[in-house]
2 protein chains.
Amino acid sequence: MVGQLEVEADGIERRSGVSLWRQIADKILHAIAIGDFAENAALPPEVALAERYGVNRHTVRSAIAALVQEGVLRAEQGRGTFVLSRKRLSYPIGARTRFSAGLQGQASERHIVLLASSVEPASQRVAEGLGLARGNDVIRLETRGEADGRPVSRAAGWFEARRFAGIDAAMAQTGSITASLARFGIDDYLRQSTMLSARHADAADLADLDLQPGAIVLVTVAVNVTPDGQPIQFSESRFPAERVELKLSAL
Amino acid sequence: MVGQLEVEADGIERRSGVSLWRQIADKILHAIAIGDFAENAALPPEVALAERYGVNRHTVRSAIAALVQEGVLRAEQGRGTFVLSRKRLSYPIGARTRFSAGLQGQASERHIVLLASSVEPASQRVAEGLGLARGNDVIRLETRGEADGRPVSRAAGWFEARRFAGIDAAMAQTGSITASLARFGIDDYLRQSTMLSARHADAADLADLDLQPGAIVLVTVAVNVTPDGQPIQFSESRFPAERVELKLSAL
DNA sequence: TATAGTTGTCTATATCAATAGACAAATTTA
DNA sequence: TAAATTTGTCTATTGATATAGACAACTATA
């Protein structure tokens, strides 16, 4: 027999299209992120978690299994289940956002990897963002940001091809957008505007950011300009919400 | 027999803990939000959607049924399925963010409702944000922002009780944080910092923002200060990602 | 060395999610 | 009016999700 609860404890929703084990895994992740469970600390035993969330022990086990798979937890028979992962990185977004500078002190190793580059005609929104006519050639750089070996961002950046010919090579060589732009005489640039949204990770996000299905990504669409307001870069970036939060400072 | 596809089209993930119909509902919502389907336009027929996403027609029907339930779509037998809802609001976040001012032109009617208020000792993070000793009394205002009758934000704001005694009454009367602060001699205030994250909506969010289970909320935690840097308000706001995107401008 | 507490594995059952196919009902188009 | 298009409803089957209970395996501790 099944003892069906009418009201669930702690924000667990049934028949929502999101399985209970996934919801509980998200809750545990969130609890770790906000510091409810310290690093290396033992999680409450499975029966306690099952009671807290009003579900069967096996459902909790499914959630834990997913997080073990993700490398967030480690389960030891007879001892308990332990927290491995650290808190979320705080990624700054402001007028002078720079990848490495912003994460200083939070991760010992951080860098950007150039995954691919290509020349293509500007789409509608890229053209608008850069103030070009639609169809003008632009260079697209596909990059991934990593901190301590974990992917923390995945971005596409577009630059006017005529003005920034060779920026792909510069990026491959320097591993830095800032350094690459410096080669084109851009010593300073500002973030003009940023649109921010959130959605479930799609197949590309899962592969790019090493996420599990059901994860959430933050998406920013931004335009960088020179100090005198000339657009130089249009970008779309995706951040895994479980590993990164955004800190908005003076734009 | 079942013809199982190895690779799914368009970012649909199986065995993810998120059901296919929920993922497809999210995709349709996103497509509407970014303007792929115009308002009042017909959606592609169910068989076409099923093929596009690589799922059975009945699965698409489940997704559509959920969106009809949410009031996003209207299905008419023999004719088609039509888009009711408009694009996402673009909610500005910047140095001088004000609720009504920011949404001007995007919604014809907008206001803040005061849901509840109370006096309580400051928690750790509220005390830190306001620069108080932990346990000092603070006033908490629970509010909901609405635009054209739809909830677009749900916020809790904390103010030092000694300095802002009566701000709850002022808020109830004026329906505006800005106007209420003016009564305490605050003619201008700035957003000092904002932390931004995203997660699945919990039970409270579902009720407060009239969402369906599985929805995503954007969460901001911010501190407002006077022009000379004195903290006056600590706030946590939640925005439904399917209805709102955040526009970051000069902080 | 028992004993209690914890995770791991197994069986069984019920419900939800997804596929498959057929046909009805309503609308639009030729 | 007839045909084509589209949504609505029904049955059937399979696999994933969730509950239930029992017991094994391992660890720490009294």
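First the proteins, then the strands, lettered A, B, ... as listed; each starts at 1.
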Exercise. Starting at the 5' end of DNA chain C and moving along, which residue's nearest nucleotide shows up first, His58(A) or Pro44(A)?
Worked result: Pro44(A)

Seminar exercise, completed: Contacts of Arg144(B) meeting salt bridge (Lys or Arg N to Asp or Glu O under 4.0 Å) (sequence neighbours excluded), chain-then-number -> Glu146(B)

Exercise. Rounded to the Å, how far apart are Glu46(A) CD and dA18(D) C1'?
Worked result: 15 Å

For this session: Report which part of the nucleic acid Thr81(A) touches: base, sugar-phosphate, or nothing (heavy-atom distance under 4.0 Å, all strands).
Result: sugar-phosphate

Exercise. Please give, in whole Å, the distance from dG5(C) C1' to Leu43(A) CG?
Worked result: 16 Å

For this session: Taking only Lys NZ, Arg NE, NH1 and NH2, and the carboxylate oxygens of Asp or Glu, determine whether Glu245(A) and Lys247(A) approach each other closer than 4.0 Å.
Result: no

Exercise. Ignoring hydrogens and angles, does a donor from either the side chain of Arg57(A) or the base of dG8(C) sit under 3.5 Å from an acceptor on the other?
Worked result: yes

For this session: Identify which nucleotide among dA20(D), dA18(C), dG8(D) has an atom closest to any side-chain atom of Thr59(B), counting heavy atoms from C-beta outward.
Result: dA18(C)

Problem set entry | Salt-bridge present (Arg140(B), Glu236(B); N to O < 4.0 Å) | no

Exercise. To the nearest Å, how far apart are Leu20(A) CG and dC16(C) P?
Worked result: 11 Å

Could you list all N or O pairs between the protein and nucleotides 26-30 of chain D that sit under 3.5 Å apart?
from, atom 1, to, atom 2, distance (Å)
dA28(D), OP1, Arg79(A), NH1, 3.1

For this session: Calculate the interatomic distance between Arg22(A) atom CZ and dT17(D) atom P; express it in whole Å.
Result: 10 Å

Exercise. Whole Å only: how far is the CD atom of Glu51(B) from the C1' atom of dT19(C)?
Worked result: 16 Å

For this session: Round to the nearest Å and state the distance from Arg61(B) atom CZ to dT6(D) atom C1'.
Result: 10 Å

Problem set entry | Side-chain ion pair, Arg57(A) and Glu51(A), N-O less than 4.0 Å | no

Problem set entry | Point-to-point distance, once rounded to the nearest 0.5 Å, from CG of Leu248(B) to OH of Tyr91(B) | 12.5 Å

Exercise. What integer distance in Å separates Glu76(A):CD from dG5(C):P?
Worked result: 20 Å

Exercise. Any Lys/Arg nitrogen of Asp208(B) or Arg238(B) sitting under 4.0 Å from an Asp/Glu carboxylate oxygen of the other?
Worked result: yes

For this session: Find the distance Arg74(B):CZ to dG8(D):P and express it as a whole number of Å.
Result: 12 Å

Problem set entry | Ser19(B) side chain to Gly17(A) backbone, donor-acceptor under 3.5 Å | yes

